[in-house]
Asks: 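Can you read through this structure? Questions will come right after.
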Amino acid sequence: MVSNQKTPTPDSSSAPLPDIHTLSHKELASIIAGLGEPAFRVKQIESWVWEKNAQSFDEMTNLSKALRAKLAQTLSMGNCTELMKQVSTDGSRKYLLQFPDGVTAECVGMPTKNRLAACVSTQAGCAMGCAFCATGKAGLTRSLTSSEIYQQVMHIADDFQTRVTSVVLMGQGEPFMNYDNTLAAMRKLNSPEGAGIGARHLTVSTCGIIPGIMRFANEPEQFTLAVSLHSANQSTRNKLMPGVKKYSLLHLYDVMGEYVDKTGRRPTYEYALISGVNDNDDELGALCDFCRGTLAHVNLIQLNDIPGSPFRPSTEERANQFVQHLASVGVEATIRNSRGADIAAACGQLSQDYKLLG
Ligand code: SAH
Ligand code: SF4
């Protein structure tokens with residue numbers, strides 16, 4: 001189902017109707033009962049919404065026309081419209097989606113043999129202002145709803161005509177500045193009546209919002225956590241990531257220890273290597289000290305170019321030295337090749353800057 005027409009609202013001057021994707025099973029059941037319909041309708045409707053990704057009530061052909069009309073007067077489908085799609089030479093596809101209030105966000109589908117990974121946004125823009133990130137440059141427009149986060153995944157599944165097997169919440173935005181909606185979307189993506197993606201295949205990436213990490217440690221699901229570290233040296237990190245200055249590395253270290261104790265899960269630290277900034281021997285030493293003896297895995301990312309940025313990626317040789325040195329102190333590290341760089345879909349390249357679209 002790739003059509004993206006908006007569901008007509010009966011009276012466009014009234015307040016927006018609640019988006020069906022934001023309702024719990026119970027809430028939907030009570031609305032259906034209120035419309036005088038039998039309980040089995042709820043399952044039928046849920047199947048259209050979550051499995052078939054219907055874009056309008058009219059598609060729900062096993063419901064009577066009268067019920068479809070009643071639903072359209074009561075609820076909205078919260079649709080998104082695809083404004084743009086770009087296809088990379090590596091097969092990744094980047095989409096610019098627009099939500100009913102005109103706000104846009106980007107997401108990326110990355111296929112490999114038998115698998116399809118989705119990278120989705122949790123906010124339109126980002127307020128954290130990391131110096132190396134295109135999203136941070138434009139500031140925050142607004143947080144996305146759980147439905148808008150979920151719909152990005154379904155849009156990718158529809159376009160590739162296959163199911164999404166893993167999701168990283170690493171598009172635009174800081175997920176833990178939009179905690180409730182992010183968690184609600186992850187739960188729906190995980191649930192059997194939603195996308196049915198295993199919790200371990202759902203990864204949230206945070207720049208290090210400590211209250212969010214503490215909350216996340218107490219969630220019952222086996223979701224995966226990644227933390228953008230980028231430097232284990234406080235003054236370098238303050239410069240690169242001014243938005244998280246107030247959360248010190250010492251505090252982050254302690255909280256990550258608690259996270260591992262509580263969950264037994266292996267977190268990932270993301271580290272974009274920037275030539276002459278966070279790739280010298282001092283920085284490598286600090287990174288080793290931060291990770292030594294912890295369960296953490298380090299993901300080294302070759303910095304992706306963003307327009308107007310003074311930063312350059314480190315050499316491949318330096319990245320390999322980081323891997324070897326980390327291994328020598330017992331820390332597992334890998335170099336992650338970003339995908340979709342030719343269509344500006346790689347980490348940190350998603351931007352709100354679509355002035356060229358007119
Ligand atoms: N706000 C969250 C998630 C989105 S960013 C976070 O910061 O973790 C996803 C990842 O891309 C983060 O690890 C981020 O630090 C990294 N990133 C940002 N800009 C980048 C760039 N220019 N090159 C490589 N990685 C970048
Ligand atoms: Fe926001 Fe993450 Fe970009 Fe930092 S790296 S500005 S937290 S999206």
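If you read the sequence from its start, that first residue is 1, and numbering goes on from there. Counting convention: from 1, in listed order, for ligands and their atoms alike. The shown structure was predicted, so the numbers you read here are calculated from the model rather than taken from an experiment.
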Asks: So if I count the atoms of ligand 1 from 1 in the order they appear, which ones are less than 4.0 Å from some heavy atom of Met170?
Replies: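 Listed by number with element, the hits are 4 (C), 5 (S), 9 (C).
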Asks: Just to check, does Ala134 reach to within less than 4.0 Å of ligand 1 when the distance is taken from its heavy atoms?
Replies: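 For ligand 1, residue contact (heavy atoms, under 4.0 Å) with Ala134 is absent.
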Asks: Between ligand 2 and Gly173, can you find any atom pair, the residue atom being a heavy atom, that is separated by under 4.0 Å?
Replies: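 Contact check Gly173 vs ligand 2: positive.
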Asks: Which pairs would a plain distance check flag for residues 319-332, meaning a side-chain donor or acceptor within less than 3.5 Å of a matching protein atom at least two apart in sequence or in another chain?
Replies:
| residue | atom | partner | partner atom | Å |
| --- | --- | --- | --- | --- |
| Asn320 | ND2 | Glu316 | O | 3.2 |
| Gln321 | OE1 | Arg318 | NH1 | 2.7 |
| Ser328 | OG | His325 | O | 2.6 |
| Glu332 | OE1 | His297 | ND1 | 2.8 |

Asks: Are Asp180 and Arg215 ion-paired here, with the side-chain N under 4.0 Å from a carboxylate O?
Replies: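 Arg215 and Asp180: salt-bridged.
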Asks: How are the rings of Phe290 and Tyr253 set to each other: parallel, tilted or perpendicular (split at 30° and 60°)?
Replies: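 Perpendicular, since the angle between the ring planes exceeds 60°.
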Asks: Regarding ligand 1, does Gln302 bring an N or O atom to under 3.5 Å of one of the ligand's N or O atoms?
Replies: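 It does not: no N or O of Gln302 is found under 3.5 Å from an N or O of ligand 1.
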Asks: Would you indicate which of Thr122, Val244, Asn304 comes nearest to atom 23 (N) of ligand 1 when only heavy atoms are counted?
Replies: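 Nearest heavy atom to atom 23 (N) of ligand 1 lies in Asn304.
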Asks: Inspect the contact between Arg93 and Glu82 and indicate whether a charged nitrogen and a carboxylate oxygen are less than 4.0 angstrom apart.
Replies: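 Salt bridge: no.
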Asks: Tell me the closest heavy-atom pair linking Ala54 and Met60, and the distance in Å.
Replies: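 Heavy atoms only, the tightest pair is CB-CE, 4.4 Å.
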Asks: With heavy-atom distances below 4.0 Å as the criterion, list the atoms of ligand 1 near His230.
Replies: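 Within the 4.0 Å cut-off of His230, ligand 1 contributes 13 (O), 14 (C), 15 (O).
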Asks: Strictly under 2.8 Å, is any N, O or S atom of Cys126 next to atom 1 (Fe) of ligand 2?
Replies: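 Of the N, O and S atoms in Cys126, at least one lies under 2.8 Å from atom 1 (Fe) of ligand 2, which means yes.
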Asks: Report yes if the side chains of Thr263 and Leu225 come closer than 4.5 Å at any heavy-atom pair, otherwise no.
Replies: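 In short, these two side chains do not touch, never coming nearer than 4.5 Å.
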Asks: Any sub-3.5 Å donor-acceptor pair from Glu270's side-chain atoms to Ile301's backbone N or O?
Replies: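 No: the side chain of Glu270 does not pair with the backbone of Ile301.
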Asks: Mark the output for Gly171 as yes if a heavy-atom distance to ligand 1 is under 4.0 Å, and as no if none is.
Replies: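 Yes, that is the case, since the closest heavy atom of the residue is under 4.0 Å from the ligand.
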Asks: Please work out, at 4.0 Å between heavy atoms, whether the side chain, the backbone, both, or neither of Thr206 comes within that distance of ligand 1.
Replies: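 Backbone only; the side chain of Thr206 stays clear of ligand 1.
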Asks: Is the distance from atom 4 (Fe) of ligand 2 to some N, O or S atom of Cys130 under 2.8 Å?
Replies: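 Yes, Cys130 qualifies, because one of its backbone or side-chain N, O or S atoms lies under 2.8 Å.
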Asks: So, does Ser248 use its side chain to make a donor-acceptor pair with the main chain of His251 at under 3.5 Å?
Replies: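 Confirmed, Ser248 side chain pairs with His251 backbone.
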Asks: Determine, using heavy atoms of Met128 and all atoms of ligand 1, whether some pair is separated by less than 4.0 Å.
Replies: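 Under 4.0 Å: no for Met128.
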Asks: Below a 4.0 angstrom heavy-atom separation, can you tell me which part of Glu174, side chain or backbone, both or neither, approaches ligand 1?
Replies: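 For Glu174, the contact with ligand 1 is made by both the backbone and the side chain.
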Asks: Name the orientation class of the two ring planes belonging to Trp50 and Tyr150 (parallel below 30°, tilted from 30 to 60°, perpendicular beyond 60°).
Replies: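 Aromatic pair Trp50/Tyr150 classed perpendicular.
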Asks: Geometry only, no angles: is Ile301 polar-contacting ligand 1 at N/O separations under 3.5 Å?
Replies: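 The answer is no, given that Ile301 and ligand 1 share no N or O pair closer than 3.5 Å.
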Asks: Taking salt bridge (charged side-chain N to carboxylate O under 4.0 Å, His left out) as the test, write out the residues that go with Lys188, two or more places apart.
Replies: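 In terms of salt bridge (charged side-chain N to carboxylate O under 4.0 Å, His left out), with neighbours along the sequence ignored, Lys188 is linked to Glu193.
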Asks: Please compare Cys207, Cys126, Gly173 and report which has the shortest non-hydrogen distance to atom 1 (N) of ligand 1.
Replies: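 Considering heavy atoms of Cys207, Cys126, Gly173, the nearest to atom 1 (N) of ligand 1 sits in Gly173.
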Asks: Any idea which atoms of ligand 2 are less than 4.0 Å away from a heavy-atom of Cys207?
Replies: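 Taking each heavy atom of Cys207 in turn, ligand 2 has 7 (S) under 4.0 Å.
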